[in-house]
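For reference, the structure is listed below as structure tokens.
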Amino acid sequence: MGPAIVNLDLNWIERFYKAGGKSTCDILSIHDYEGHESIDPLHWQWKIPALRQLMAQYGDDKKAIWQTERAMSGVRGDNFLGPAQAVRVTLHRDLLETLGIPPLHNSHYYLNEGGYGPVPTYLWSKTGPHPGALALRTREAMTKDLRYNGTLDFGPAGNKMFMGLRYDGSGTSTIVLRNLGTSEQKLNVNIMNLVDAFGNAQALPLRNGKATLSIGQFPLYVRLTPNQKVGVAKLDWGQNLAPQAKFSYSAKTEGDYSLLNNGVMESIHSGNPNGGTDGKKIWQGELEGKSQTLEITFDKPQKMSKIILFGVRADNAFSALLDYDLQVLQGANWKTIKQVRTPVPASDLINTSGSKANTWLLDDNFHVNEFAPVITSKIRLVARRASFGFLPDENLKAWGNQIPAKLMLREIEIY
């Protein structure tokens, strides 16, 4: 097994093959660190296939890939990030499964607090298990002895919001459902028996053969009877109006406004053709301790009923948008059509193992805004609160320092 260097550097892997690496191992082992700890599905849906294509160039495409070391912190910068860790470790399992690396070949680093102290990504401390440990146990129980059998199709819009995996066995099947980093989203399904990320069972009432399911960032598990099929609503919102828009901001910015409507989800991860760990391809606006406004202007009035804001995950110095208002110009007045307040409880200032505060931020990184149709030529995004890097509260410090909050966006879509 090898070569397993920190960071999946495709150029390094190519040099490995050129030096004769193919004959040195039966399994290609990778460590998918990428400079930041959050999990971006779009990045890995590009990078793992790129790795396989590189392997194929050297006649090694039949070789299994194992991911043998990955850190997602439960304690970081003296703060407890248990809920975010739980979302990320289960998302990592789900995502890599869809890319041909099953959980048995996917190892987190590491289990117990007694491990490598400078990288405190353990799942179980001397004060007890983190939520991630319990969530992983539930995932194992709900998929044990079943075979992975592909993903669900939620439609062109839905696939940006949801992930669904199917596992089949001789007597039962399990569907794993989650959203990819927003508030709970409603989805019409034809199923009713559920188990949440921590093993709690529930049954939804069916009406006319359908149930409305609230899908959050934690995985939901649906147990099916033999040969039962799953029906999910496929979402298609039509043409995105945002490429026609122009932008202005009320404070200092970094990055060209074209990054907001170029149809590309820029990345903060290593080696990505649409970004890198420095985040220079992420549009950023200063918040300066108060609300700021991003104005979106069209040459002529447009009819719309949905605005999707794709931001970044709270990670190192990258800030997630949490609270904002959306306003549209109606005549000479601005009308508020959405007030969004992300329900993140205040952090608890309490000493636990390795940390001074318990935080409750999950993995928020995009917002779906639906409203009654309006016709307007101008929209305002009034940004009221963002995370302070990977921390939700202004009074928290990471390694003794406060990280500034910024408005950071990857893309805006308007339908």
Side-chain angles (χ1 to χ4, degrees), residues 39 41-42 44-45 48-49 86-104 106 134-238 306 308 362-363 366 368 370 415:
I39 310 301
L42 291 177
W44 292 107
Q45 287 162 354
I48 295 299
V87 172
R88 290 173 178 177
V89 293
T90 53
L91 173 60
H92 191 245
R93 288 288 196 276
D94 290 351
L95 177 63
L96 263 60
E97 177 80 274
T98 70
L99 297 173
I101 304 174
L104 254 155
N106 181 6
L134 306 179
L136 287 172
R137 286 181 63 142
T138 301
R139 191 189 192 287
E140 168 68 8
M142 296 303 297
T143 59
K144 187 176 177 61
D145 299 325
L146 303 178
R147 71 183 184 281
Y148 169 68
N149 197 19
T151 59
L152 304 186
D153 181 8
F154 299 95
N159 288 331
K160 297 178 183 179
M161 299 165 52
F162 301 111
M163 178 180 288
L165 285 66
R166 181 171 182 128
Y167 289 84
D168 291 327
S170 58
T172 188
S173 297
T174 294
I175 303 295
V176 187
L177 294 171
R178 71 187 316 140
N179 82 45
L180 294 171
T182 188
S183 57
E184 289 195 351
Q185 298 293 306
K186 303 295 185 183
L187 189 70
N188 290 327
V189 295
N190 66 336
I191 51 183
M192 59 181 294
N193 294 314
L194 307 173
V195 175
D196 72 13
F198 302 103
N200 301 298
Q202 56 180 306
L204 296 175
L206 290 177
R207 294 181 180 177
N208 299 320
K210 292 184 179 180
T212 300
L213 181 61
S214 292
I215 301 181
Q217 297 176 36
F218 286 110
L220 283 175
Y221 302 93
V222 183
R223 272 288 167 89
L224 305 179
T225 57
N227 301 317
Q228 184 180 5
K229 294 182 179 180
V230 175
V232 296
K234 295 184 179 181
L235 303 179
D236 186 349
W237 295 329
K306 298 177 182 66
I308 320 302
L362 295 180
D363 207 28
F366 70 96
V368 180
E370 299 188 63
Y415 299 93

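- When the side chain to side chain contact (heavy atoms under 4.5 Å, CB included) test is applied to Ala201, the partners found at least two apart in sequence or on another chain are Val195.
- In this structure, Tyr221 has no ring-ring contact (aromatic ring centres under 6.0 Å, His included) partners at least two apart in sequence or on a different chain.
- The salt bridge (Lys or Arg N to Asp or Glu O under 4.0 Å) pairs that include a residue from residues 225-235 are Asp153-Lys234, where partners are two or more places apart or lie in different chains.
- When the ring-ring contact (aromatic ring centres under 6.0 Å, His included) test is applied to Trp237, the partners found at least two apart in sequence or on another chain are Tyr415.
- Judged by distance alone, the side chain of Asn159 and the main-chain N or O of Phe154 form a donor-acceptor pair under 3.5 Å.
- With sequence neighbours left out, the side chain to side chain contact (heavy atoms under 4.5 Å, CB included) criterion links Pro102 to Glu97, His105.
- With sequence neighbours left out, Arg223 forms a side chain to side chain contact (heavy atoms under 4.5 Å, CB included) with Met142, Thr172, Thr174.
- Residues that satisfy the salt bridge (Lys or Arg N to Asp or Glu O under 4.0 Å) test with Asp196, not counting sequence neighbours, are absent from this structure.
- Shown here are the side chain to side chain contact (heavy atoms under 4.5 Å, CB included) partners of Gln45, two or more places apart in sequence or in another chain: Pro41, Leu42, Leu95, Leu99.
- Within the structure, salt bridge (Lys or Arg N to Asp or Glu O under 4.0 Å) contacts touching residues 169-183 (residues at least two apart or in different chains) are Asp94-Arg178.
- Atoms OG1 and CD, from Thr182 and Glu184 in turn, are 10.5 Å apart once rounded to the nearest 0.5 Å.
- By the salt bridge (Lys or Arg N to Asp or Glu O under 4.0 Å) test, Arg93 pairs with no residue at all, sequence neighbours left out.
- Partners of Thr151 under the side chain to side chain donor-acceptor pair (under 3.5 Å) rule, at least two apart in sequence or in another chain, do not exist in this structure.
- Screening residues 179-199 for ring pair (Phe, Tyr, Trp, His ring centres under 6.0 Å) gives Phe198-Phe218 as the qualifying pairs, with residues at least two apart or on separate chains.
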